[in-house]
Undergrad: 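Please see the structure below; I have some questions.
Atoms within each ligand, like the ligands themselves, are counted from 1 in listed order.
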Amino acid sequence: MALVQFPKDFVWGAATAAYQIEGAHNEDGRGMSIWDTFSGTPGKVYNGDNGNIACDSYHRYEEDVELLKDLGVRAYRFSVAWPRIYPQGRGEINPKGLEFYHKFVDRLLANGIEPMCTLYHWDLPQALQDEGGWDNRATIDAYVDYAETMFRSFAGKIKKWITFNEPWCISILSNLLGEHAPGYRDFQLALNVGHHVLVAHGETVKRFRALGVEGEIGIAPNTEWFEPYSAKPEDAAACDRRNAYFNGWFIEPLFKGEYPAIASDWYKKAGFEPPVRNGDMETIRQPIDFLGINYYTGGVGRKGDDDPLGFEAVDVGFDKTDIGWNIYPQGLLNVLNWIRNEYGGIPIYITENGACYDDVKAEGGIRDAKRIDYIKKHLIQLNRAIESGVNVKGYMLWSLMDNFEWAWGYSKRFGLVHVDFRTLERTKKDSYYWYKKIAEVGWLEV
Ligand code: IFM
């Protein structure tokens with residue numbers, strides 16, 4: 001038996017997002033978001049599910065903070081619903097929205113839990129989508145003003161801010177693949193959205209510095225890693241393109257002020273380019289205080305002929321979680337090494353990692369040994385990265401509790417805490433007790 005030991009000051013945490021847990025969709029002046037519209041459109045979300053009630057955390061936040069406190073985590077990553085603060089996206093502030101998050105953040109602080117606040121986890125106010133959404137540069141201004149309102153209102157309370165969760169999902173998954181709100185299938189639109197989101201990120205960092213906000217700011221891109229099936233140069237090149245399309249496109253501009261040529265040349269040949277204006281890339285390259293990394297999966301790939309990227313994934317027999325994603329813990333190490341090698345020693349938080357399993361209810365508890373195994377394997381790779389000098393400061397497990405899993409509705413569970421979506425009863429799973437121990441001692445046995 002060996003011990004995998006994490007640094008003493010390592011921050012153990014858990015994560016959720018507003019639309020996935022809050023519910024109370026039409027209470028206290030909250031405006032409509034694109035996810036209300038999308039989930040209300042037949043055929044978009046499994047089983048016709050929506051976030052109207054979700055985990056009802058809007059009303060049960062005290063119980064949820066109790067769960068966090070008992071779990072023993074030092075930090076909680078949550079997101080703010082923009083349409084609670086600005087029901088129309090801009091203009092009139094809704095004081096009740098701010099009030100809710102103040103009550104909630106105060107509760108976290110009173111229990112010694114550090115709030116890590118994501119400003120945008122996909123619930124764009126519908127009123128802004130009606131004007132073109134992230135395709136429209138005016139949305140950038142509205143977002144930065146919303147961010148400023150949050151910085152001013154929570155000064156001294158929230159000291160870790162994340163501008164955007166998963167720009168790849170905001171742009172590609174939602175505007176090219178059509179799987180998330182607003183559900184379009186248009187590559188140029190996806191490039192526009194991705195670019196405007198990155199500009200909004202940069203403008204927000206500028207505003208944060210100009211206001212002299214106490215605290216740190218970063219962004220949380222999602223990453224995957226593909227390694228080549230063979231030693232053939234064309235397989236390596238195909239994987240480089242796949243990694244650039246998913247990871248580099250949203251990370252390289254933050255540090256180098258340019259899109260990765262391996263992807264942009266490829267897109268250009270197909271007639272697509274991001275709508276870069278003078279000064280945009282400088283704006284995007286604002287120094288950030290930390291980089292959030294979300295990581296779940298990856299795999300093996302090679303040169304393919306049918307795919308626009310000239311890439312094809314090869315199933316080499318990976319085990320999969322119940323959402324069908326390969327379990328590939330070493331990909332996390334590869335992503336972290338790549339970041340260190342390409343972009344230097346930026347402090348990193350793993351802002352999401354976790355596993356989807358249909359839990360087995362048994363006498364006396366919820367047995368989720370597979371989730372424990374998944375997390376354990378990823379923590380080992382994370383530890384290897386730290387031992388190799390990658391500057392990882394903390395780990396926010398996705399997710400504190402089962403919740404609305406977007407297009408999958410309530411059919412997919414990622415939580416440490418089981419939620420019965422009929423009664424809203426919360427039940428701690430085996431993984432909850434296992435993670436509690438890790439958060440307490442800072443090491444695990446392998
Ligand atoms: O539930 C999502 C989360 O909102 C964003 N990252 C991936 C998770 C699992 O799919």
Undergrad: Report yes or no: does Trp406 have a heavy atom closer than 4.0 Å to ligand 1?
TA: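 Under 4.0 Å: yes for Trp406.
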Undergrad: Number the atoms of ligand 1 from 1 as they appear, then name those within less than 4.0 Å of a heavy atom of Glu352, with their elements.
TA: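 Reading through ligand 1 atom by atom, the close ones are 3 (C), 5 (C), 6 (N), 7 (C), 8 (C).
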Undergrad: Can a donor-acceptor pair be found between the side chains of Glu224 and Tyr328 at a distance below 3.5 Å?
TA: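 There is no such pair (donor and acceptor under 3.5 Å, judged by atom type) between the side chains of Glu224 and Tyr328.
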Undergrad: Using a 4.0 Å cut-off to any heavy atom of Trp122, which atoms of ligand 1 qualify?
TA: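 The list of qualifying atoms is 5 (C).
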Undergrad: Quick one: look up the protein heavy atom nearest atom 10 (O) of ligand 1 and list residue, atom name and how far away it is.
TA: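 Checked against all protein heavy atoms, atom 10 (O) of ligand 1 sits closest to Glu405 OE2, 2.5 Å.
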Undergrad: So, is Asn294 polar-close to ligand 1, with some N/O to N/O distance under 3.5 Å?
TA: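 Between Asn294 and ligand 1, no N or O pair is found under 3.5 Å apart.
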Undergrad: Would you check if there is a donor-acceptor pair between the side chains of Tyr101 and Ser153 at a distance under 3.5 Å?
TA: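 There is no such pair (donor and acceptor under 3.5 Å, judged by atom type) between the side chains of Ser153 and Tyr101.
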Undergrad: Checking Ser33 against Gln126: is there a side-chain donor and acceptor pair closer than 3.5 Å?
TA: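 No donor-acceptor contact under 3.5 Å links the two side chains.
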Undergrad: Can you find a non-hydrogen atom of Lys412 under 4.0 Å from ligand 1?
TA: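 Contact absent.
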Undergrad: Between Asn353 and Tyr395, do the side chains contain an N or O donor and an N or O acceptor separated by less than 3.5 Å?
TA: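 The answer is yes; a qualifying pair exists.
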Undergrad: Does either side chain, that of Ser57 or that of Asp64, offer a donor lying less than 3.5 Å from an acceptor on the other one?
TA: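 Judged by distance alone, the side chains do pair up.
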Undergrad: Among Phe421, Phe38, Tyr410, which residue satisfies the ring-ring contact (aromatic ring centres under 6.0 Å, His included) criterion with Phe404?
TA: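 With Phe404 as partner, Phe421, Phe38, Tyr410 yield a single ring-ring contact (aromatic ring centres under 6.0 Å, His included), made by Tyr410.
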Undergrad: Glu166 heavy atoms, cut-off 4.0 Å: which ligand 1 atoms fall inside?
TA: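 Listed by number with element: 5 (C), 6 (N), 7 (C).
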Undergrad: Of all the atoms in ligand 1, which lie at a distance below 4.0 Å from a heavy atom belonging to His121?
TA: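 So the answer, numbered in order with elements, is 3 (C), 4 (O), 5 (C).
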Undergrad: Under a heavy-atom criterion of less than 4.0 Å, does Trp325 contact ligand 1?
TA: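 Checking ligand 1 against Trp325, which is what was asked, there is a heavy-atom contact under 4.0 Å.
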Undergrad: For Asn165, counting its heavy atoms only, list the atoms of ligand 1 lying under 4.0 Å from any of them.
TA: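 Listed by number with element, the hits are 5 (C).
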Undergrad: Do Asn294 and Thr351 pair up side chain to side chain, a donor and an acceptor below 3.5 Å, judged on atom types alone?
TA: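 There is such a pair (donor and acceptor under 3.5 Å, judged by atom type) between the side chains of Asn294 and Thr351.
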